[in-house]
Amino acid sequence: MAYENIVRGAYKEGANGPAIWRENIIVPLKNPIKDYRLEERSTVEGHHAVGLYVTPPGVTLRDGSTVAAAAIFNTAYLVLRNGSDEVITHLYLSQILAANEAGCPFEISLPGKITMSDSSLVVQDGPNVQADTVLEIQIEYVRQ
C-alpha cells in the first residue's frame, strides 16, 4: 500500500486505511507565459496533499489538447505552499514522472494543509509553447 507513513485515525478512513482522494488539474499553457497559478477552487485546497502524478509528455487528452513536448515538460516545476510559506520549491515534473513510471505516486509530506491558490507551476521554456498544449497533474490528498 502506498502512503504507509500516514497516521491512522488522523484522517477519514476506508476499510484498508486512510481514504485517498485524487484531483486532476489541467493547466493550459500559453506562449510566452512562465508562471501559472494552480486552481484556487480545487477540492485539494485546505487538505493534506500526499502524492503526485503527471501525464507523460506528448500524450493527447480527451479534449484534443496535447501534453507539452519533453523539452518543455522537463523544464516545468511545481512550487507548493501552505499559506504564505513555500514548502516545496523546484519539484520538477520529470522527477514526479520517474516515480510514476516505477508504479508509485511521488509522495510528499507538507507541514500543514496545501494552499492551491498560492501554489504554482513554472514553465521555464514558456516562449516555445505550441497552441493547444497543456500540462496535467494529479494530486492525491487526505481529508480530516
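Residue numbers start at 1 and run along the sequence shown. The figures that follow rest on heavy atoms only: side chains count, while hydrogens, waters and symmetry mates do not.
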Task: Heavy-atom closest contact (Ser117 atom, Arg37 atom, distance) - done: O-CD, 3.9 Å
Open item on the list: So, taking the atom named CD1 in Ile20 and the one named NZ in Lys12, what distance separates them when rounded to the nearest 0.5 Å?
Closed with: 13.0 Å
TODO: Could you tell me whether the side chain of Asn100 and the main chain of Val54 form a donor-acceptor pair under 3.5 Å?
DONE: yes
Task: Main-chain N/O of Leu61 paired to Ser65 side chain as donor or acceptor, under 3.5 Å - done: no
Task: Leu135 to Ala76 - nearest heavy-atom pair and separation - done: CD1-CB, 3.8 Å
- [ ] Verify the distance criterion only: is there a donor paired with an acceptor across the side chains of Glu45 and Tyr141 at less than 3.5 Å?
- [x] no
TODO: Could you grab the distance from atom CD1 of Ile25 to atom OG of Ser42, nearest 0.5 Å is fine?
DONE: 4.5 Å
- [ ] Please report the closest heavy-atom contact between Gly46 and Lys113, naming both atoms and the distance.
- [x] O-CD, 2.8 Å
- [ ] Report the distance from atom CD1 of Ile96 to atom SG of Cys104, rounding to the nearest 0.5 Å.
- [x] 13.5 Å
Task: Donor-acceptor contact below 3.5 Å, side chain Gln124 vs main chain Thr75 - done: yes
Task: Side-chain heavy-atom pair Ile6, Val50 within 4.5 angstrom cut-off - done: yes
Task: Minimum heavy-atom distance between Val67 and Pro57, given as atom pair plus value - done: CG1-CA, 3.8 Å
Task: Modelled atom types, side-chain donor and acceptor of Thr55 and Glu136, under 3.5 Å - done: yes
TODO: Using a 4.5 Å cut-off on heavy atoms from C-beta on, say whether the side chain of Glu23 contacts that of Ile137.
DONE: no
Open item on the list: Here's one to test your reading of the geometry: is the NZ or CZ of Arg22 within 45 degrees of the ring axis of Tyr53 and under 6.0 Å from its centre?
Closed with: yes
- [ ] Determine whether more than 12 heavy atoms belonging to other residues, nucleotides or ligands lie under 6.0 Å from atom CG of Asn31.
- [x] yes
Open item on the list: Do Tyr36 and Val123 make a side-chain contact, defined as non-hydrogen atoms from C-beta onward lying under 4.5 Å apart?
Closed with: yes
TODO: Kindly say whether Pro111 contributes a backbone atom to a donor-acceptor pair with the side chain of Asn82 at under 3.5 angstrom?
DONE: yes
- [ ] Measure across Ala49 and Ile114 and return the closest heavy-atom pair with its distance rounded to 0.1 Å.
- [x] CB-CD1, 4.1 Å
- [ ] Report the distance from atom CG of Leu38 to atom OG of Ser119, rounding to the nearest 0.5 Å.
- [x] 6.0 Å
Task: Evaluation steps, side chain to side chain contact (heavy atoms under 4.5 Å, CB included), between Arg143 and His48 - done: CA-CA 7 Å; Arg143 297 177 178 172; His48 294 271; over 6 Å; no
Task: Pairwise distance OG1(Thr89) to CZ(Arg81) - rounded to 0.5 angstrom - done: 9.5 Å
Task: Least distance between heavy atoms, Ala99 atom then Pro105 atom - done: CB-O, 4.1 Å
Open item on the list: One pair to check against side chain to side chain contact (heavy atoms under 4.5 Å, CB included): Phe106 and Gln95. What are the steps and the verdict?
Closed with: CA-CA 8 Å; Phe106 186 95; Gln95 292 174 290; 4.2 Å; yes
Task: Thr133/Thr66 under side chain to side chain contact (heavy atoms under 4.5 Å, CB included): CA gap, chis, key distance, verdict - done: CA-CA 5 Å; Thr133 302; Thr66 303; 5.5 Å; no
Task: Positive for side chain to side chain contact (heavy atoms under 4.5 Å, CB included) with Ile139, one of Asn24, Leu52, Ile108 - done: Leu52
Open item on the list: So does Pro18 get a backbone contact from the side chain of Tyr3, meaning a donor-acceptor N/O pair under 3.5 Å?
Closed with: no
Open item on the list: For a 4.5 angstrom cut-off between non-hydrogen side-chain atoms, does Leu93 reach Asn74?
Closed with: no
Task: Residue pair His90, Tyr77: steps toward the ring-ring contact (aromatic ring centres under 6.0 Å, His included) verdict - done: CA-CA 5 Å; His90 291 80; Tyr77 64 87; 4.1 Å; yes
TODO: May I ask you to test the Leu91-Val79 pair for a side-chain heavy-atom distance under 4.5 Å?
DONE: no
